[in-house]
Colleague: 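Attaching a single structure in structure tokens format; questions to follow.
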Amino acid sequence: MPELPEVETVRRDVWGRYGGQTLHDVTVTGRRTVRRHAPGLLSGLAGQRLASTGRHGKYLLLAWEDGRVLVVHLRMSGQLLAAAPGGRRPAHTHAVLGFGGGAGELRFVDPRTFGEMFLAGRAGRADGPASEPGLAELSHLGPDALVVDAAHFGAVLAGRRAPLKSLLVDQRAVAGMGNIYADEVCFDAGLRPDRPAGSLAPAELERLARSTHSVLEGAIAGRGSSLRDQQYRDLYGNLGRYQLEHKVYGRSGMPCPSCGQAVQRVEMGARRAFWCPTCQR
DNA sequence: ACAAATACCTGTAAGC
DNA sequence: TGCTTACAGGTATTTG
């Protein structure tokens, strides 16, 4: 499932192929994909050059010359796929951005239709991750996980009795982590996912911030995680390889890579968490 | 104010 | 073989 590392991988791919290219036409066939506004609104982007790309948490931002930003969220099953124009489009293709200059088309494919695209105003300037264009639609998000620090964790976790993991996947607290990376970050930081969020000592908050950065950066280097359903693909349809480096996520009963103890699975409400009972406290 | 539950979806896999 | 059921999970919304 696309979380921060997967979205960042796709962002870099998109910039590499479509950066500076002119958008010629937009085709929207999935109404639910553009549910925040009328489907025809995206056609107004035709003629614009892709000026920069950005990302905040799991939101991908495509900024155009005139300052408008196309916001893309892949949610569960969304994919952005590059293709030559004219080929047969895969099932569940809900929107297609047609570029000139031989760049071909950019397809939004999403079987479960949880994903969405919408047009927002006003772009940031720099091309890069975690740009802060100040979009009203994204104002509910906490700081991007790549730049969060211990002080911020301290502030948002203070006084909370909810499990640490629940806060790590809460995009209002910190933006970018989901089920996979919250578990991996907790393991790397040596913290139980079911620790009451407000119980972390200063040194633990420091470890949490450090592990958040290192785990997510490692996952970006590995081009993201493709799970057994192979739902996550990069722009060119290739699988990620960071799933090979997961220490605890989905590894219930298998030995912890650090100590050899069996990885445990704990139910936390409707969701679950994987963790090592000896390495995490 | 916070925490937990639920709705939204469909492809896949497990069970019968 | 074919049917039914459970499960996956990010976010918005509702309920407690």
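Below, each value reflects all heavy atoms present in this structure, side chains not excepted, and no hydrogens, waters or symmetry copies. Chain naming here is simple, since letters A, B, ... match the order of the sequence lines and numbering starts at 1 in each.
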Colleague: If you measure from the Lys or Arg side-chain nitrogens to the Asp or Glu carboxylate oxygens, is any gap between A/Glu184 and A/Lys247 under 4.0 Å?
Modeller: no

Colleague: Taking atom C1' of B/dA3 as reference, at what distance in whole Å does atom CG of A/Asp194 sit?
Modeller: 16 Å

Colleague: Would you indicate which nucleotide in C/dA8, B/dC8, B/dA4 comes nearest to any side-chain atom of A/Pro163?
Modeller: B/dA4

Colleague: A/Asp170 CG to B/dA4 P: how many Å, rounded?
Modeller: 12 Å

Colleague: What nucleotide among C/dA12, C/dG10, B/dA3 has an atom nearest to a side-chain atom of A/His140?
Modeller: C/dA12

Colleague: Specify the residues of residues 238-253 of chain A, ordered by number, for which at least one heavy atom lies under 4.0 angstrom from an atom of DNA chain C.
Modeller: A/Tyr249

Colleague: When only distance counts, do a donor and an acceptor, one from the side chain of A/Arg271 and one from the base of C/dG10, lie under 3.5 Å apart?
Modeller: yes

Colleague: Given B/dT10, is OP1 or OP2 found less than 4.0 Å from the side-chain N or O atoms of A/His92?
Modeller: no

Colleague: Which listed nucleotide (C/dG9, B/dC2, C/dT11) is nearest to the side chain of A/Gln171?
Modeller: C/dT11

Colleague: Quick check on DNA chain B: between A/Pro111 and A/Ala162, whose nearest nucleotide comes earlier from the 5' end?
Modeller: A/Ala162

Colleague: What's the CG-P distance between A/Asp110 and B/dG11, to the nearest Å?
Modeller: 11 Å

Colleague: Taking only Lys NZ, Arg NE, NH1 and NH2, and the carboxylate oxygens of Asp or Glu, determine whether A/Glu137 and A/Arg36 approach each other closer than 4.0 Å.
Modeller: no

Colleague: Kindly calculate the angle separating the two end axes of the helix from B/dC2-C/dG16 to B/dC16-C/dG2, each obtained from five base pairs, and round it to 10 degrees.
Modeller: 60°

Colleague: Between A/Asp13 and A/Arg233, is there a salt bridge with N-O shorter than 4.0 Å?
Modeller: no

Colleague: Nearest whole angstrom, please: distance from the C1' of C/dG10 to the OH of A/Tyr59.
Modeller: 8 Å

Colleague: Under the ring pair (Phe, Tyr, Trp, His ring centres under 6.0 Å) rule, collect the residues that match up with A/Tyr232, sequence neighbours excluded.
Modeller: none

Colleague: Can you measure A/Asn179 atom CG to C/dG9 atom P for me and round it to whole angstrom units?
Modeller: 5 Å

Colleague: Please check: side-chain N/O of A/Arg281 versus main-chain N/O of A/Gly190, any donor-acceptor pairing under 3.5 Å?
Modeller: no

Colleague: Measure CG/A/Leu157 against C1'/B/dC2 and give the value in whole Å, please.
Modeller: 14 Å

Colleague: Between the side-chain atoms of A/Arg112 and the base atoms of C/dA8, is any donor-acceptor pair under 3.5 Å?
Modeller: yes

Colleague: In whole angstroms, how far is the C1' atom of B/dA4 from the CZ atom of A/Arg272?
Modeller: 15 Å

Colleague: What is the ring orientation for A/His94 with A/Phe108, classed by angle as parallel under 30°, tilted 30 to 60°, or perpendicular over 60°?
Modeller: tilted

Colleague: Find out whether A/Cys276 and A/Ser258 are in side-chain contact, i.e. whether some heavy atom of one side chain is under 4.5 Å from a heavy atom of the other.
Modeller: no

Colleague: Do NZ/NE/NH1/NH2 and the carboxylate oxygens of A/Asp144 and A/Arg55 come within less than 4.0 Å?
Modeller: yes

Colleague: Identify which one of A/Arg272, A/Arg271, A/Lys165 satisfies the side chain to side chain donor-acceptor pair (under 3.5 Å) criterion when paired with A/Asn179.
Modeller: A/Lys165

Colleague: Please assess A/Leu138 against A/Leu61 for the test side chain to side chain contact (heavy atoms under 4.5 Å, CB included), listing each intermediate value before the final yes or no.
Modeller: CA-CA 11 Å; A/Leu138 305 186; A/Leu61 312 174; 3.8 Å; yes

Colleague: Look at all strands and tell whether A/Gln231 reaches a base, only sugar-phosphate, or nothing, counting heavy atoms closer than 4.0 Å.
Modeller: nothing

Colleague: What is the distance, rounded to the nearest whole Å, between atom CZ of A/Arg31 and atom P of B/dC9?
Modeller: 13 Å

